[in-house]
Amino acid sequence: MDILFNEYEINNEVYKLARKIESENKNHPVFLVVLKGGFYFASKLFNLFKHTFVYDYSFVKAASYFDNTKSSRDIIINFLDDLSFFENR
C-alpha cells in the first residue's frame, strides 16, 4: 500500500486549517461534527485553536446503511443535541 500523505503533512495541513478558521471567523462559529469518522479530526482541529478563539460544537449522526451493507441512498441525520441553543449564531 502506498502512503499518500505522512503524519507530518496531515498535521501541518490541520494546523494551517485551524489558523485559517480563526482568522476568517470572528463571530463565534458553530461546528457540526459528523460521527463517528469526524470525531478524531475535530478533536485534533479543536485542540489547535488558540484559547482565545470562542466556538461551539455539536455532534450529528448520519446513516445511509440500514438493513444491510448496501447504501439506501437515503441519508438520515440525527442531531444529538437540542440545536435551539445555536439559534441566531
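- Under the 3.5 Å distance criterion, the side-chain polar atoms of E9 are matched with a main-chain donor or acceptor of N6.
- With hydrophobic clusters built from ILVMFWY side chains whose heavy atoms lie under 4.5 angstrom apart, V14 does not share a cluster with I3.
- Under the 30°/60° scheme for interplanar angles, the aromatic rings of Y55 and Y57 are found to be tilted.
- Side-chain atoms of N47 come within 3.5 Å of backbone atoms of S43 as a donor-acceptor pair (strictly under, hydrogens ignored).
- Follow the hydrophobic side-chain contacts under 4.5 Å out from L17 and you never reach Y40; the two are in separate clusters.
- Heavy-atom neighbours of F46 CZ from other residues, nucleotides or ligands within 6.0 Å: above the threshold of 12.
- The same ILVMFWY cluster, assembled from side-chain heavy atoms under 4.5 Å apart, contains both L48 and F5.
- Applying the 6.0 Å contact sphere to CZ of F49 captures more than 12 heavy atoms from other residues, nucleotides or ligands.
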Worked check of side chain to side chain contact (heavy atoms under 4.5 Å, CB included) between F31 and N25:
CA-CA 12 Å; F31 296 91; N25 294 280; over 6 Å; no
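- Within 6.0 Å of the CD atom in E24, the count of heavy atoms belonging to other residues, nucleotides or ligands exceeds 12.
- With E22 contributing its side chain and K50 its backbone, the two residues share a donor-acceptor pair below 3.5 Å.
- Closest approach of F53 and I21 over heavy atoms only: CZ-CG2, 4.0 Å.
- The OH atom of Y8 sits 9.5 Å away from atom CD of E13, with the distance rounded to the nearest 0.5 Å.
- Between V34 and A62 the shortest heavy-atom distance is CG1-CB, 4.1 Å.
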